[in-house]
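Structure first, commentary second.
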Amino acid sequence: MKKSQLAETAIDRIEKVFGRHQGYRRAHARGKSYRARFTATGSASELTTASHLQKGESRAFVRFSHFSPDPTWADAMSPVKGMAVQFELANGEATNIVGVTSPIFFAKTPEIFTEMLGVAKSFKKGKPSITELAGLLKDYPESGAMLNNIRKMQAPASFATGQYNSVHAFYFIDLKGQRRPVKYLWEPEEAVETLSPLDAVKLPVGSFEADIEDRIAKGPVNFRLDVILGQPEDPTDDPTKEWPDYREKLTIGYLAIVEEAPEADEIVFDPTLVTEGIACSEDRILNFRHDAYRISHQRRMSEQ
């Protein structure tokens with residue numbers, strides 16, 4: 001099956017499992033968008049020629065979201081939160097970083113991802129059942145780490161206190177054309193803070209959005225952008241595997257989120273939208289996202 005056809009099937013199955021919610025994204029349906037300032041430290045300049053990572057300031061848009069394709073889910077039912085950032089480049093183009101509060105994904109290939117959507121019926125009701133998880137682990141053992149992670153995961157206490165991982169690897173390319181594998185990591189200025197399951201279930205729908213709005217009204221919400229520097233033995237094609245936690249990290253910039261930006265709701269935060277000096281890795285799930293995001297956007301726009 002061609003990649004675009006597989007992406008179409010995946011979106012169809014997401015709609016079958018979670019329902020079709022007109023005007024919403026097919027994943028991370030509910031969220032809020034903001035304007036931001038990004039200040040690059042310049043410490044990445046020896047690793048990449050990407051213009052927004054040279055020392056200086058650029059404008060950006062940020063979207064915080066809940067992972068569920070169903071916008072009616074309670075905040076606690078969607079423990080994985082998202083933070084997507086689009087940087088505006090000086091040449092008028094853009095580039096994206098997409099992060100989530102899980103360090104790994106649950107499928108290694110688009111085929112496995114699509115197949116799992118065909119059997120994960122209990123996801124429609126929120127957290128999958130233990131029985132179904134056991135069945136998925138048996139059939140897809142490489143997905144065990146993520147599925148176990150979902151079962152025990154605690155949501156951040158706020159969009160502002162989550163740690164957001166790029167999940168996928170990318171390559172930084174320097175002036176000599178040398179490539180270095182990296183993963184992105186957004187660290188909150190405030191300490192990482194999570195909610196206990198008991199506290200999470202008490203939250204009404206929209207509490208995360210109300211919280212971030214209150215915080216921004218008082219001043220910028222700040223994040224630090226680090227890159228994890230990969231080594232030759234670190235997998236760049238498998239988002240179900242974490243890199244060792246002792247890998248060197250480099251702080252390459254700071255993000256200040258300053259005000260709401262409803263116009264950014266139309267942005268497609270495609271993680272494969274990279275700029276000169278950055279390249280996508282061999283990760284098939286990463287590259288599959290381009291078609292999946294395009295199809296999702298086309299359907300969403302046709303419903304408005």
Side-chain angles (χ1 to χ4, degrees), residues 3 7 38-58 60 83-100 102-105 107-110 112-113 142 145-146 163-187 223-255 268-294:
K3 187 170 66 171
F38 179 73
T39 304
T41 63
S43 58
S45 60
E46 294 185 3
L47 297 173
T48 175
T49 58
S51 61
H52 65 299
L53 300 181
Q54 310 308 305
K55 188 172 184 178
E57 188 173 294
S58 56
M83 177 179 168
V85 182
Q86 180 164 104
F87 302 86
E88 294 184 325
L89 306 179
N91 63 2
E93 297 179 355
T95 188
N96 298 332
I97 295 177
V98 177
V100 293
S102 171
I104 51 178
F105 194 60
K108 181 180 179 180
T109 68
I112 291 174
F113 171 69
E142 73 279 1
M146 178 58 180
Q163 181 188 68
Y164 297 89
N165 309 266
S166 66
V167 177
H168 306 292
F170 295 81
Y171 290 106
F172 277 0
I173 306 170
D174 65 18
L175 282 168
K176 297 179 180 178
Q178 294 180 326
R179 294 152 63 96
R180 180 70 181 266
V182 300
K183 288 186 176 182
Y184 298 107
L185 181 65
W186 290 106
E187 294 276 9
F223 283 85
R224 184 181 79 238
L225 178 59
D226 291 346
V227 287
I228 306 169
L229 302 178
Q231 294 297 320
E233 62 269 27
D234 294 331
T236 55
D237 62 348
D238 188 352
T240 69
K241 289 184 169 59
E242 284 189 79
W243 290 356
D245 57 10
Y246 51 80
R247 284 288 177 260
E248 181 184 357
K249 295 183 179 70
L250 181 68
T251 297
I252 63 172
Y254 296 91
L255 187 74
V268 179
F269 289 96
D270 178 354
T272 69
L273 181 61
V274 295
T275 186
E276 182 180 353
I278 303 173
C280 293
S281 67
E282 308 83 356
D283 185 338
R284 291 184 60 213
I285 288 286
L286 169 62
N287 292 283
F288 172 75
R289 288 182 183 272
H290 174 74
D291 284 324
Y293 281 44
R294 174 182 56 79

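These values consider heavy atoms only, across backbone and side chains, with no hydrogens, waters or symmetry-generated copies.
At a threshold of 4.5 Å between non-hydrogen side-chain atoms, the residues N96 and F87 do not count as touching. Using a 4.5 Å heavy-atom threshold, the side chains of I228 and V182 count as separate. Side-chain atoms of Y254 and L225, non-hydrogen and from C-beta on, never get closer than 4.5 Å to each other. With a 4.5 Å cut-off on side-chain heavy atoms, L47 and L229 count as touching. Proximity of T48 to D174: side-chain heavy atoms (C-beta onward) are nowhere separated by under 4.5 Å. Between H168 and I285, some side-chain heavy-atom pair lies under the 4.5 Å cut-off. Annotation: side chain of P110 is not in contact with side chain of N287 (no heavy-atom distance under 4.5 Å). A 4.5 Å side-chain heavy-atom check between V100 and V167 finds at least one atom pair inside the cut-off.
Shown here are the side chain to side chain donor-acceptor pair (under 3.5 Å) partners of N165, two or more places apart in sequence or in another chain: there are none. The side chain to side chain contact (heavy atoms under 4.5 Å, CB included) test applied to T49 returns L175, E276, not counting sequence neighbours. Remark: T39 pairs with no residue by the side chain to side chain donor-acceptor pair (under 3.5 Å) rule, at least two apart or across chains. Considering only residues two or more places apart in sequence or on other chains, A40 meets the side chain to side chain contact (heavy atoms under 4.5 Å, CB included) condition with F38. Residues passing the salt bridge (charged side-chain N to carboxylate O under 4.0 Å, His left out) test with D270, sequence neighbours excluded: none. With sequence neighbours excluded, the residues that form a side chain to side chain donor-acceptor pair (under 3.5 Å) with E233 are R247. Partners of P181 according to the side chain to side chain contact (heavy atoms under 4.5 Å, CB included) rule, which considers only residues two or more places apart in sequence or in another chain, are Y171, T236, W243. Among residues two or more places apart in sequence or in another chain, the salt bridge (charged side-chain N to carboxylate O under 4.0 Å, His left out) test is passed with R289 by none. Residues meeting the side chain to side chain contact (heavy atoms under 4.5 Å, CB included) test with D245, sequence neighbours left out: none. Residues forming a side chain to side chain donor-acceptor pair (under 3.5 Å) with S281 (at least two apart in sequence, or on another chain): none.
Sorted by first and then second residue, the pairs that involve residues 178-187 and meet side-chain hydrogen bond (donor to acceptor under 3.5 Å, both in side chains), not counting sequence neighbours, are Q163-E187.
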Self-check item: Full working for side chain to side chain contact (heavy atoms under 4.5 Å, CB included) between L250 and D226
Solution: CA-CA 5 Å; L250 181 68; D226 291 346; over 6 Å; no

Practice problem: Step by step, work out the side chain to side chain contact (heavy atoms under 4.5 Å, CB included) result for V227 and K249. | Solution: CA-CA 6 Å; V227 287; K249 295 183 179 70; over 6 Å; no

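Contact between V274 and A279 at its shortest, heavy atoms only, is CG2-CA, 4.4 Å. What you find for L286 and C280 is that their closest heavy atoms are CD2-CB, 3.8 Å. What you find for A107 and P239 is that their closest heavy atoms are O-CG, 3.5 Å.
How far CD of Q54 is from CD1 of I252: 10.0 Å, rounded to the nearest 0.5 Å. Taking OG from S58 and CG from L89, the interatomic distance works out to 7.5 Å, rounded to the nearest 0.5 Å. With values rounded to the nearest 0.5 angstrom, D238 atom CG is found 4.5 Å from K108 atom NZ. Atom-to-atom distance recorded for N91:CG and T275:OG1 is 6.0 Å, nearest 0.5 angstrom.
Ring geometry, F288 versus F113: the interplanar angle exceeds 60°, so the pair is classed perpendicular (tilted spans 30 to 60°).
Checked options V98, T95, L273, I97; the residue passing with Q86 is L273 (criterion: side-chain contact (heavy atoms from CB on, under 4.5 Å)).
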